[in-house]
Amino acid sequence: MFMNIMCVFRVCRRWKQLVKDQRLWRAVDLSTWKGLTSRVLWVLLRQYLGHGLRCLRLRGLLLSARRGAFLTESWLQALRSKCPRLRRLCLQYTDLRSLRSCRLLPPSLQVLELRSCEVSPGFFSQDPEAAVETLVLDSVPSFCDQHLRSLCTWQQLSRLELRDLSRVSAGGLRRCVPPAAQTLGRLTHLELETRRLAQMVALGLGKGWPGLERLSLGGNEVSPGLLSVSRLQDLRWLHLRACRLSQKMVLRCCRSLTQLRTLEFIEVEFVEDEEERRPDAAQSSEDDPVPELRRSLRSLLPECSVCFSSCRLTVNRD
């Protein structure tokens, strides 16, 4: 896409003016371009990106044989100046260890996504000048307890998504959730996807989380978190993904969620013992794998919208 625009740029003066129209550069996605370098970023910033930019997606050099500098402090300072309306920054395979702090990010930023990136020890230590409301951390190997603790000071943070963070310990997570002294208690939306039982237990949902309205749990160890969901009296949206659950467990946790308005099951395997199935139970199908559960939830939560997507039922015959 970028190379095509460069060719158009050279055709004539009128086309050059059209290519520089900021309406064309409102959302720029270069996350699939593996040849992106620091030099190209400077060309983009000097000639094309400007006040019209709202969303920027970049792919770094962590998986590239070339490596070298990618996002430098000088480039980020220039981005702050030239793109004062940037709202969303999404980085993939980007090495941020050379950056001292996230305060280098544009102050207009509201959403920051880091996927398969590396960060410095003090990257999150200061509340950014930007009013970042949403932070997505997906497979960031260097993210640890210290980073998580730093996020407790982010005044505007209301949505946090944590996925596959192997260096976050159960103790580190426990110290950052209510009712501890300095916590992530300002969150209204939390997503945790993990393969580690200790992390899910440490989430401590059983102690309640006032103000938490949206919760997403995923991974092999969802059960401990789900059993505590009934204590979240403000919860209005619950998303369960890529996990194994029993129908009894789901009904048990949802019984007291009177404020729940949306319940979503994505790629969930429902497990049931054959001797527990009622003889007159409705037959499951690909479109409706757990009709009995759907019917029970409709009766239990009449004002809640229930959605099943790519789910299946497994019956244990042992």
Side-chain angles (χ1 to χ4, degrees), residues 1-3 5-6 9 19-64 66-138 140-143 146-147 150-151 153-157 159-160:
M1 176 65 179
F2 176 66
M3 297 305 297
I5 290 177
M6 291 288 288
F9 179 85
V19 166
K20 290 197 172 185
D21 189 331
Q22 284 300 300
R23 288 173 293 184
L24 292 176
W25 299 94
R26 189 178 181 89
V28 178
D29 186 354
L30 300 173
S31 60
T32 59
W33 187 16
K34 298 181 181 180
L36 192 61
T37 63
S38 179
R39 178 176 175 275
V40 174
L41 284 179
W42 276 110
V43 172
L44 271 171
L45 191 56
R46 287 168 176 159
Q47 299 189 27
Y48 303 102
L49 304 183
H51 61 83
L53 185 65
R54 299 293 189 276
C55 175
L56 179 61
R57 299 178 183 274
L58 300 175
R59 179 191 179 99
L61 303 173
L62 270 179
L63 298 184
S64 172
R66 288 172 295 182
R67 294 295 180 92
F70 184 66
L71 289 188
T72 62
E73 290 191 11
S74 57
W75 188 87
L76 286 173
Q77 290 169 354
L79 182 69
R80 288 166 59 107
S81 175
K82 289 207 64 179
C83 307
R85 299 177 182 175
L86 181 63
R87 299 288 183 266
R88 178 186 292 264
L89 178 61
C90 308
L91 303 177
Q92 183 179 9
Y93 300 116
T94 303
D95 192 346
L96 302 173
R97 287 173 291 192
S98 63
L99 304 180
R100 295 166 296 170
S101 167
C102 60
R103 291 182 69 86
L104 293 166
L105 299 175
S108 58
L109 208 62
Q110 296 177 350
V111 180
L112 176 62
E113 298 183 16
L114 303 180
R115 304 181 188 276
S116 301
C117 297
E118 293 284 8
V119 294
S120 63
F123 187 78
F124 299 104
S125 60
Q126 294 177 303
D127 191 0
E129 293 182 13
V132 175
E133 300 172 358
T134 298
L135 177 62
V136 179
L137 299 166
D138 187 349
V140 180
S142 52
F143 188 87
Q146 174 187 339
H147 295 113
S150 297
L151 295 181
T153 65
W154 287 30
Q155 298 297 318
Q156 303 299 322
L157 189 64
R159 175 170 179 161
L160 180 61

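- Among residues two or more places apart in sequence or in another chain, the side chain to side chain contact (heavy atoms under 4.5 Å, CB included) test is passed with Ser38 by Trp42.
- With sequence neighbours left out, Ser142 forms a side chain to side chain donor-acceptor pair (under 3.5 Å) with Glu118.
- With sequence neighbours excluded, the residues that form a side chain to side chain donor-acceptor pair (under 3.5 Å) with Ser31 are Asp29.
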Which donor-acceptor pairs under 3.5 Å do the side chains of residues 50-57 make with protein atoms, sequence neighbours left out?
{"unit_1": "Arg54", "atom_1": "NH1", "unit_2": "His51", "atom_2": "O", "d": "3.1"}
{"unit_1": "Arg54", "atom_1": "NH1", "unit_2": "Gly52", "atom_2": "O", "d": "2.9"}

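- Applying the side-chain hydrogen bond (donor to acceptor under 3.5 Å, both in side chains) test to pairs two or more places apart or on separate chains, those with a residue in residues 76-86 are Arg80-Glu129.
- In this structure Thr153 satisfies the side chain to side chain donor-acceptor pair (under 3.5 Å) test with no other residue, sequence neighbours excluded.
- For the atom pair CG (Leu151) and CG (Leu137), the distance works out to 7.0 Å, reported to the nearest 0.5 Å.
- In terms of the salt bridge (Lys or Arg N to Asp or Glu O under 4.0 Å) criterion, Arg46 has no residue partners (sequence neighbours excluded).
- In terms of the ring pair (Phe, Tyr, Trp, His ring centres under 6.0 Å) criterion, Phe123 has no residue partners (sequence neighbours excluded).
- Considering CG of Leu30 and SG of Cys90, their distance stands at 11.5 Å, rounded to 0.5 Å.
- Minimum interatomic distance between Leu36 and Leu61 (heavy atoms only, all atoms of both residues): O-CD2, 3.3 Å.
- Residues Ser150 and Ser125 approach most closely at OG-CA, 3.6 Å, considering heavy atoms.
- Glu73 meets the side chain to side chain contact (heavy atoms under 4.5 Å, CB included) test with Leu99, Arg100, Leu104; sequence neighbours excluded.
- With sequence neighbours left out, Arg23 forms a side chain to side chain donor-acceptor pair (under 3.5 Å) with Asp21.
- Partners of Arg26 by salt bridge (Lys or Arg N to Asp or Glu O under 4.0 Å), not counting sequence neighbours: none found.
- Atoms CH2 and CG, from Trp75 and Leu41 in turn, are 5.0 Å apart once rounded to the nearest 0.5 Å.
- Here OG of Ser98 is found 8.0 Å from CG of Leu71. Values are rounded to the nearest 0.5 Å.
- Classification of the Trp154-Phe124 ring pair by plane angle, with boundaries at 30° and 60°, yields tilted.
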Anything under 3.5 Å between a donor and an acceptor, one on a side chain of residues 107-115, the other on a protein residue two or more places apart or in another chain? List them.
{"unit_1": "Ser108", "atom_1": "OG", "unit_2": "Pro84", "atom_2": "O", "d": "3.3"}
{"unit_1": "Ser108", "atom_1": "OG", "unit_2": "Leu86", "atom_2": "N", "d": "3.3"}
{"unit_1": "Ser108", "atom_1": "OG", "unit_2": "Leu86", "atom_2": "O", "d": "2.6"}
{"unit_1": "Glu113", "atom_1": "OE1", "unit_2": "Arg115", "atom_2": "NE", "d": "3.4"}
{"unit_1": "Glu113", "atom_1": "OE1", "unit_2": "Arg115", "atom_2": "NH2", "d": "3.1"}
{"unit_1": "Glu113", "atom_1": "OE2", "unit_2": "Arg88", "atom_2": "NH1", "d": "2.5"}
{"unit_1": "Arg115", "atom_1": "NH1", "unit_2": "Asp138", "atom_2": "OD2", "d": "3.2"}

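- Distance check, rounded to the nearest 0.5 Å: OG1 of Thr94 to CZ of Phe70 gives 5.5 Å.
- Expressed to the nearest 0.5 Å, how far OG1 of Thr32 lies from CD of Gln92 amounts to 9.0 Å.
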